[in-house]
Every structure is written in C-alpha cells, then in structure tokens.
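These notes are about the structure you will find just below.
Model, not experiment: these values are computed from the prediction. Naming convention: chains lettered A, B, ... in sequence-line order (proteins, then strands); numbering from 1 in each chain.
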Protein chains: 2
Amino acid sequence: MRPHLRAVSDTEGLRRSASGTEGLRRANTGAVLRALRELGPSTRSELATHTGLAKATVGVIVADLEAARAVAEEGSRPGVRGRPGRPVALRGDRFVSLGLELNVDYVSAVVLDLAGDIVSTTSRAGGTSDDLSDLARSALDEHVGADDVLVGTTLAVPALVRADDRTVAWAPNLRVEWADLADALGSLVPDVRVGVSNDANCAAYAESHHGAARGASHALYVTGTVGIGAGIVQDGELVRGGAGFAGEVGHMAVGDSTALCGCGRRGCWEASIGMKAMLAAVDMSELDTPLRTAEAVAERAATDASVRDGLERVGRDVGLGIAVLSTVLDPEVVVMGGYFAVLGDLVLEPARRTLDERLVSAAQVRPELRTSTLGIEAAALGAAEQSFGPVLLGEVDLLA
Amino acid sequence: MRPHLRAVSDTEGLRRSASGTEGLRRANTGAVLRALRELGPSTRSELATHTGLAKATVGVIVADLEAARAVAEEGSRPGVRGRPGRPVALRGDRFVSLGLELNVDYVSAVVLDLAGDIVSTTSRAGGTSDDLSDLARSALDEHVGADDVLVGTTLAVPALVRADDRTVAWAPNLRVEWADLADALGSLVPDVRVGVSNDANCAAYAESHHGAARGASHALYVTGTVGIGAGIVQDGELVRGGAGFAGEVGHMAVGDSTALCGCGRRGCWEASIGMKAMLAAVDMSELDTPLRTAEAVAERAATDASVRDGLERVGRDVGLGIAVLSTVLDPEVVVMGGYFAVLGDLVLEPARRTLDERLVSAAQVRPELRTSTLGIEAAALGAAEQSFGPVLLGEVDLLA
DNA sequence: TGACTTTAGTTCGAGACTCGTACTTAATAG
DNA sequence: CTATTAAGTACGAGTCTCGAACTAAAGTCA
C-alpha cells in the first residue's frame, strides 16, 4: 500500500464550481492548464493572450503551479528579438489519474499524468473483481510514488451506468458483486473519488483526446464485437442522456429488418453488423478472441472475393447506421473501434459510399470515418482522462 | 422607430465569461436570476441557500437588480415565526427579448420578458423578408417601450443553420435574400445581437422551458408536417453538432425501407411518417393548411376504422424512429409537435407500444411521449428564450 | 562597443468582489 | 411584556484580477 498517497479531496473541491474569489482562481487555473495542454510548452505571455488573462495574473498562477510541481520551466527558445520567453510545460511526475476497465474476459489499467502522457498501460485476461483490483494495485505500486497525487479513478464497464456516474443499472454480460468491487477499490485508493462509466463512452472520450478524433470537438465512436455500442462527444463533453444510457445503438432498428438479434427482436443494427452477422456474411466461424477472428477474416479477404463481397454487404449496413447517427448528431469525425478497426477499409469503404448516398443535403459534409488507433486500452485511457476533467475545468483544486 | 431603445451590448458583454471579479459578479447574478426563474418569488435567504452564496452577497446582488428594475419586492408572507422574509420576484416590464420565426407560409413574433412570461405573440400569413420585418416592427412598437431593454433577438428558420448561429447553409424551402433580411433586422434593432437558429431546435428549447418538457433537462422534440425535424436538448442546452446541423432526422433510414421520399432516396423516415405518407395511409387528400388537414383526419378517424388503422400503421413507424432516437439520446421526455400534436393518441398510442417493444433492456425506462402544447408560436417562443440564455448564464451584464 | 529597440516578466497599488460575524429589525409564542 | 426566532444589513478582512510602471534580457544597428 501507499500510505502517503495524497488525494485531491472530493467533498471539498467539488462543492461549488465558482462563487467566491478562490473559485475564480480555480477556474482561471483550469484555463491555464487547458491552454498548456492545448498549446504545449508556452511562455507566460502566450498563456496570457490565449486565456485572455492579464500577464500579471498568469504570472501568479504559474508560480503557484510551479510550487505545486504541476509545471516546470523549460529552456528558453532564443533567436527572436526581445527578451526571450521562458516556456513552462506541464509536468507529468506528480499528478496522475488511474483509469480501469473491467470487461467480460479482460481487465485493463492505465495511469495517465497531468501532461496527458500515458505513464503505464497494462491488460490481462480475466474478468473478476479480484483480477481488476490486483491489476490496479500493481499499477499503483509500480507507477504512483508516495509523494504523488492521485486526482481520481474511473472504472469503465460494459454496462448501463446511471447518470450519477457511480452505479450500474444493467450489466447482462458481467457477473460482479458491485458492492464488493466498490469496497475493494475504495480501500485501494482511500479518499479518492471513484467514478464508474460506460466503456464505449470512455473509449469515445479517449479517441477525442488522444486518438483518431483528436482536435474534433464533436465526435462519435462506434465499437463492436458481438455487441455494438457507441459514445457521443459534443463540444468536448460526453453526451450521457437523462438516465445516463445514451449511446446504446446496438439495438436500434437499422439495417436488415428481418435479421434476428440475440436479444430476441428483429431488425437491430447489431443483427446486421455485429460480429456474428459479419461472420455469417463471410461464411467463417469464430476463433478464440474477437481480435484474432477479425484478423483471420482480413487475411482471407486478401485472397477470397466472396469474403470481400460479404464485408461489402456488412459495410453498407454499417454506413446506413452511421448515416442515421450522423444526421441526428452531426459529428465531425466518426471513429470505428472493435473489429471494424481490424478490418478497416474492407468495411469502411462501402460504409463511406452508403454514407455519401444518404447525406441530407449538398450543404452537409460527410463526417470523416476513421479507424481507432488506441487498441484495447482505449476505454481505460478514456476513464483516466475523465478523472482529469474536473481538474482541467477548474472544478477542483490541485494546490494546497 | 424607438430611438431610446437600449440594448445589452454584445461586444462588451460576451467578451469573456468569467475571469475578473466583475465576471464573477455576472456569474453570481446569473445564478440568482436562474434561482428566481426556478423557484418563483423568493426571499434573500431562500436565494442564499439555493445558490450557495452568502446572505450578504445575495443582498448586494438583489439590491443591484432592484435598482436596474429587474426584480421587485412583493408583499411579505406572514404566519411563520421570526422576522418575515421579503420575497423578491422577477419583473417583466423592463427586460425583454424578441423571438421571430420565418417559415414557408407564415411569420411569427413573440416578445418574452425576463420573468419568462409571454408579453405578446402574433402570427401572420406570408413568408417574405418584408412580412417578417413588418411583424417584428409592430411587435416592438406595441410592446417594447422606449425605456425597455431588448436583451437579444433570435430568428428561427426551417433551414440548416451553421454553428456560428448567424448564417444559413441550406434552406431549400425558403426564397429569401439573407443579406437583406440581416440588414432589415439589424436596422430594426440596432446594437442588439441577432441570432439565427433552426426552427426545430427553437421549438425544442421552448418545449423544455415552457411546454410539455418543462422540468426535464433531457428532452427530444419531433415535429412534422411534410418534412420531419427534431431538436435535442441535453442538460438543458441544445445539441447542435459540429456544423450546427444536428437533429435533421427526416431523412434517416428508418421505417419502410422501400418508401420513396421526396428527396429521391428510399427508406427515409419522412417517407413513412411525413404528412404525405400519413395521408396516403388513411386515403385522404391534403387541404389548404397542414393544421386543417390533420384536423380533418382526426375527425374522420372518430367514425372510420380504416382511418384509424392507417394511423396505427403510421404510429408504429413513428414509434420505430422514436425508439432509434431514444436509444441514442436517452431523453426523459419526447414532445411531438406538428401534425402529431393534432392527431394525438391516434398516432402516439401505437408509437408507445412499438417503443416498449424496442427498449434495450429492463433497466431502461420508456421516455414519456407527449404532445406539444405550444402551438404555432413554439419556434418563435424558443427563439426568444434563447436570447435570454446568456443573461441567465451570467455571460452578459444586465446592469450598467 | 554601446546606445537603442523589442519583448518577457514582475512589482505594486487600486478596485471589485465574497464572506463571516456581529448587529439590527420584525415578526410570533408564551 | 419578554423571550425567541429568523431575515436582512453593516462592516471589516481576505482574495483576486488588472493596468501601469518598471526591470530584465535578449537582438539590432551605428
């Protein structure tokens, strides 16, 4: 255990977002941190013009952050006229967050630092509460020092998570005693807020901050193996819905309306583009993992035209669903994870064609359809990034 | 003209949302105004506990608002122990906003006041730039005095409006010279920010603040006559999408995949549930206005079982689309406008049944399906309400 | 080489704001 | 008539941001 592990207090920090002058300082500190994330190492002047704050104010804030070891000065960049600026950069060695994923047959942990760099990332087979807490424990032991500050922990799960970001409403694929898991994580990281979040939402968040949708403030992430899920990012933030269940696109009625879905209904998108439907379309069978299965399909497609035809059919239904989601949500980028990332253009090219056909108007621009680059740790990474959200928004105080 | 009309300056007010202490004051003033909208007339103590501000702070803010004639004291409520509080209420006679709608065959204007009360609402046949500015002019002349402050003006149009909230990207049904219209409105209300917004988005906003979705922070509004459109409210704010085109649900591929749509494609939702499809399903023909047509259908349905059967079929496809939207967006309330509001349960009952069948899980709650109560001025009302958004969020300064 | 220019960053005082405490005010309860 | 209760205000302390003046550190040019 890490007896000296400090944590950003939750009850204190989240109490109010900004009403007193110290809340104002928090908000402005958050603005500076965001600017540093966005611009990279910057001088105080650059931060001042970018945030709109006065130079003097930025000076004070940067000094505080430096004292807290959240930022550090770098070597100056000479060559320009006038006094050279002294750039400061976010430091990655003090403030970290932990992102976890508990899935059906694997668990992952990602340690992310304030600079946005990934400190460590591990995955392991298994899907129990114990597997997860073991992984979390070793990630903390190895990569979080006694003097470090853990700003938060978030757990990604393939489940319907309520809007409170803490409780699970429905998780048909998981057999977990949630109360036990909460206890285990709570004792592992005492005094740290442990949030729970849907895995597709987390992955969407990761793609929009680190992955294929980086830079886009409106993105859609679609993942799929057996089931199909999505995460929606609007204006940089996740769309959660009233109960927290937004993005459950697998069972929307799109595609072949006669296809029988595992849920017992007909016409679900999943029944047209889920892994099983894809395998049926190419007349192949499942291997031990979804990843390996998809790779085998991709390999056969290189030589077998009938496999390519099957993927073409699946791709068209993929495009049909993306078209529905795009007309509703108007994202700039759509990122495809799960087995779609492995098959790539074999599926996405027909999807793009269908998408073009179904655009509402000439004025609309087709969203870019990209494959995920983050791999299996996407959800854990997004979970970690979510824990930094309140810090960067200035809702929580790093200092003191 | 109203030479003395004062306006909340736009360049000044929107410059920064909160960085100096005066921005802090604006934000806290906004919090007090929101509390007054939400709670109704309240004492300073009640406002203090609800906003989390100190009693002293609330006292100062209320005094400023009173000086600006934004609030007024009401008679005290006796009967309780202790010194009776002196409730203050939002005043409706000084700060107003103007909401306009320019549609294919009618124009509307709504004057809304700070208290959230509708000062005036007018509609008129016609669809030209001149029709609109005439209506706007007379609404201002009759209901906005020389000493009043117009906080903003927003124009709702059946068009794709860009995310800048000012320019129109595509408006196939309107023949309007947008530059002329902008000039006309600009000279009508000088120094006032004139925003442009999609009509369905405006109506959705209106429903969530004044109509059938009041109180719900996650709502979906679906309207339809010939075309079908939607507006999405998440966490009290409109979802706009990357380009500003979110909510264009008419041409998503849902329902009868063989139905031919006016856009030339097959399978659009509009082709299954648009007014023309509905009329075909009940074997009736169009009258002079959509409203009258829908009323005629409702009347025939009372006696004619085959009409009811036709509406039943349409209703199922309505439910199918709502199910798609609900699984993606998870709203608490779905409000149906357009001809659906006239036909009511004749369409909504089968829609509810379909919706129940297509819910993802037992954990999910079916969103409430309600009919719009706002009528033809919904969009203009929402437009007016949108102009108050920045005021209530504290992004703009009412005083000084 | 040395004055000049240019840009970065800090110091300092003024001004704005919120907050807690103590105080005043206005009602009811007994 | 006194005690109690609660609302609202006055006041001083503390925090914060900001602009202006100032200092610092480079390059430029004669």
Rounded to whole Å, please give me the gap between [atom1] in [X] and [atom2] in [N].
X       : N      : atom1 : atom2 : value
A/Leu53 : D/dG19 : CG    : P     : 10 Å
A/Ile61 : D/dT17 : CD1   : C1'   : 9 Å
A/Leu47 : C/dA8  : CG    : P     : 12 Å
A/Glu66 : C/dT10 : CD    : P     : 9 Å

If you compare every side-chain N and O of [X] against the phosphate oxygens of [N] (OP1, OP2), does one of them come in below 4.0 Å?
X       : N      : value
B/Thr21 : D/dT17 : no
B/Ser19 : D/dC18 : yes
A/Asn28 : D/dT17 : yes

For this session: Given salt bridge (charged side-chain N to carboxylate O under 4.0 Å, His left out), test A/Arg166 with A/Asp164 step by step and report yes or no.
Result: CA-CA 5 Å; A/Arg166 281 172 185 266; A/Asp164 61 4; over 6 Å; no

Exercise. What nucleic acid atoms does B/Val58 come within less than 4.0 Å of, heavy atoms only: base, sugar-phosphate, or nothing?
Worked result: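 Touches nothing.
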
Hey, what do you get for [atom1] ([X]) to [atom2] ([Y]), rounding to the nearest 0.5 Å?
X        : Y        : atom1 : atom2 : value
B/Leu36  : B/Leu90  : CG    : CG    : 4.5 Å
A/Glu207 : A/Arg214 : CD    : CZ    : 11.5 Å
B/Leu150 : B/Ser387 : CG    : OG    : 7.5 Å

Please tabulate, for the side chains in residues 79-86 of chain B, all donor-acceptor contacts under 3.5 angstrom to protein atoms that are two or more places apart in sequence or on a different chain.
unit_1, atom_1, unit_2, atom_2, d
B/Arg86, NH1, B/Glu73, OE1, 2.9
B/Arg86, NH2, B/Glu73, OE1, 2.7

For this session: Determine the minimum heavy-atom distance between A/Arg69 and A/Asp93, stating which atoms define it.
Result: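 What the structure gives for the nearest pair is O-OD1, 4.4 Å.
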
Problem set entry | Upstream residue (5' side of DNA chain D) when A/Thr57 and A/Ser76 are each assigned their closest nucleotide |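 So the residue in question is A/Thr57.
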
Exercise. Got a sec? Which of residues 31-40 of chain B come in under 4.0 Å of DNA chain C, heavy atoms?
Worked result: none

Exercise. Do B/Leu33 and B/Val391 have side-chain heavy atoms sitting under 4.5 Å apart?
Worked result: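 Sidechains of B/Val391 and B/Leu33: in contact.
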
For this session: Would you mind telling me which of B/Leu114, B/Val71, B/Val60 makes a side-chain contact (heavy atoms from CB on, under 4.5 Å) with B/Leu65?
Result: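 The passing option is B/Val71.
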
For this session: Carefully, step by step, assess B/Arg240 and B/Asp165 under the rule salt bridge (charged side-chain N to carboxylate O under 4.0 Å, His left out).
Result: CA-CA 10 Å; B/Arg240 296 194 147 81; B/Asp165 285 350; 3.3 Å; yes

Exercise. What string of B, S and - do you get for nucleotides 3-13 of chain D 5' to 3' if you count protein non-hydrogen atoms under 4.0 Å?
Worked result: -BBBBBSB---

